[in-house]
Amino acid sequence: MKCRIGLISGDGIGPEIVREAKKVLDKTAVKYGHSFSYTELLLGGASIDVHGVPLTEETIRKAEMCDAVLMGSIGGDARTSPWYRLEPSKRPEAGLLGIRKALNLFANLRPAYLYEELRAACPLREDISAAGFDMLIMRELTGGLYFGERKTEEVDGVLTAVDTLSYNEHEIRRIAKRAFDIAVKRRKKVCSVDKANVLDSSRLWRKIVEEVAKDYPEVELSHMYVDNCAMQLVMNPAQFDVILTENMFGDILSDEASMVTGSIGMLSSASLNDTKFGLYEPSHGSAPDIAGQNKANPIATILSAAMMLRYTFDLDREADAVEAAVRQVLKEGYRTGDILSEGCTYTTTTQMGDLIAARI
Ligand code: IPM
Ligand code: MG
């Protein structure tokens with residue numbers, strides 16, 4: 001199969017982790033007889049440095065010409081990087097939000113799974129982690145607070161800032177359908193997370209999710225308030241299968257879910273639209289504090305590449321092979337610093353990529 005893949009190395013640890021994911025993809029192509037071609041795309045701080053803006057029309061156009069895009073991470077240290085002296089709409093994060101919106105990537109899938117081998121890195125009490133967990137957060141990605149109207153102004157001499165949380169029924173319905181479609185292929189449970197005891201947008205969310213649920217009688221639907229969900233994720237993560245939630249809640253809960261798996265360096269993600277196209281990226285940030293030191297964990301990016309093989313290219317066997325290689329390396333005791341525990345072998349970013357590629 002011929003696949004055109006866009007690569008956004010981005011900022012911070014981005015170039016290092018994307019390089020390792022590409023290594024694993026290249027090995028997969030050789031092993032299974034595919035041809036992957038790559039186009040480099042600029043986004044975030046890397047784009048600001050060249051063009052003065054975090055996202056250009058050229059990047060959008062080039063991305064649209066690819067079948068899928070694999071991204072590392074964008075952004076820098078907000079206290080020290082000159083990117084953060086620009087107005088908010090010109091900072092690296094605005095580029096990421098812009099490309100998500102431009103490509104209509106409304107469905108963000110973030111799986112959080114506790115690897116048996118990483119149990120020692122799990123920060124939860126042993127009686128809780130013993131049950132294991134395997135959940136998928138379906139985060140709405142192009143609506144809500146991130147994209148509502150916002151402004152900062154002086155009202156009667158007092159500085160006042162406003163952000164708007166708005167969803168319409170179509171936006172809720174299409175993401176809810178995605179969650180149910182995926183639940184059908186998993187353990188058939190959807191937990192919709194909202195704040196319906198306070199927010200109108202959540203009350204509409206709940207109403208539309210209940211309507212969509214009628215078309216999926218085999219899936220069990222439950223509702224949970226977001227504050228309770230934050231608590232349940234550390235108290236009893238095994239209860240969750242698919243968590244369906246709006247943009248900002250999903251941003252927060254997915255960081256929490258990733259940390260209970262042992263490290264945010266393990267959590268992959270796929271951002272999908274109505275076509276087969278997807279933007280695949282680790283859920284973690286650009287970790288500027290360890291950038292360029294060959295210390296970052298490339299596994300979330302490698303697992304994001306596996307999601308790309310599965311969701312955009314329907315290459316399930318190849319995706320399985322990448323996931324199995326990751327598991328094998330963990331079983332053999334190799335660990336980057338973030339997941340290191342006693343008795344394991346420390347590996348650098350490059351070594352981790354080499355080890356995984358060698359097991360494809
Ligand atoms: C994520 C990130 C982004 C988000 C930031 C970098 C804008 O935290 O992908 O979770 O909030 O969506
Ligand atoms: Mg986030």
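No hydrogens, no waters, no symmetry mates; every other heavy atom, side chains included, goes into these values. Both counts, for ligands and for their atoms, begin at 1 and track the order of listing.
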(message) Going by side-chain hydrogen bond (donor to acceptor under 3.5 Å, both in side chains), name the residues that satisfy it together with Arg4, two or more places apart in sequence or in a different chain.
(response) Asp67
(request) Using the six-membered ring wherever Trp is involved, compare the ring planes of Tyr167 and Trp205 and label them parallel, tilted or perpendicular (cut-offs 30° and 60°). (result) perpendicular
(request) Give the residue, atom name and distance (to 0.1 Å) of the protein heavy atom nearest atom 11 (O) of ligand 1. (result) Tyr146 OH, 2.5 Å
(request) Spell out, as yes or no, whether a donor-acceptor pair under 3.5 Å connects the side chain of Asp194 to the backbone of His223. (result) no
(message) As a check for students: among Asp251, Leu267, Asn108, identify the option with a heavy atom nearest to atom 10 (O) of ligand 1.
(response) Asp251
(request) Go through the structure and list residues passing side-chain hydrogen bond (donor to acceptor under 3.5 Å, both in side chains) with Gln232, not counting sequence neighbours. (result) Asn228, Gln239
(message) Test of understanding: given a 4.0 Å heavy-atom threshold, classify the contact between Arg100 and ligand 1 as side chain, backbone, both, or neither.
(response) side chain
(request) Using the salt bridge (Lys or Arg N to Asp or Glu O under 4.0 Å) rule, collect all pairs that involve residues 269-279, keeping only residues at least two apart or in two chains. (result) Arg178-Asp274, Lys276-Asp314
(message) Could you check whether Glu246 and Tyr146, counting side-chain N and O atoms only, form a donor-acceptor pair closer than 3.5 Å?
(response) no
(message) Is the contact between Arg139 and ligand 1 made by the side chain, the backbone, both, or neither, using heavy atoms and a 4.0 Å cut-off?
(response) side chain
(message) Whether the Thr142 and Glu140 side chains hold a donor-acceptor pair (N or O, under 3.5 Å, no angle test) is what I'd like checked.
(response) yes
(message) Check for me: within less than 2.8 Å of the Mg ion (ligand 2), which protein N/O/S atoms show up?
(response) Asp251 OD1
(request) Do me a favour and list the nearest non-hydrogen protein atom to atom 6 (C) of ligand 1 with residue, atom name and distance? (result) Glu93 CG, 3.8 Å
(request) Please state which part of His284 comes within less than 4.0 Å of ligand 1, counting heavy atoms only: side chain, backbone, both or neither. (result) neither
(request) Report the nearest protein non-hydrogen atom to atom 1 (C) of ligand 1: residue, atom name, distance rounded to 0.1 Å. (result) Arg110 NH2, 3.4 Å
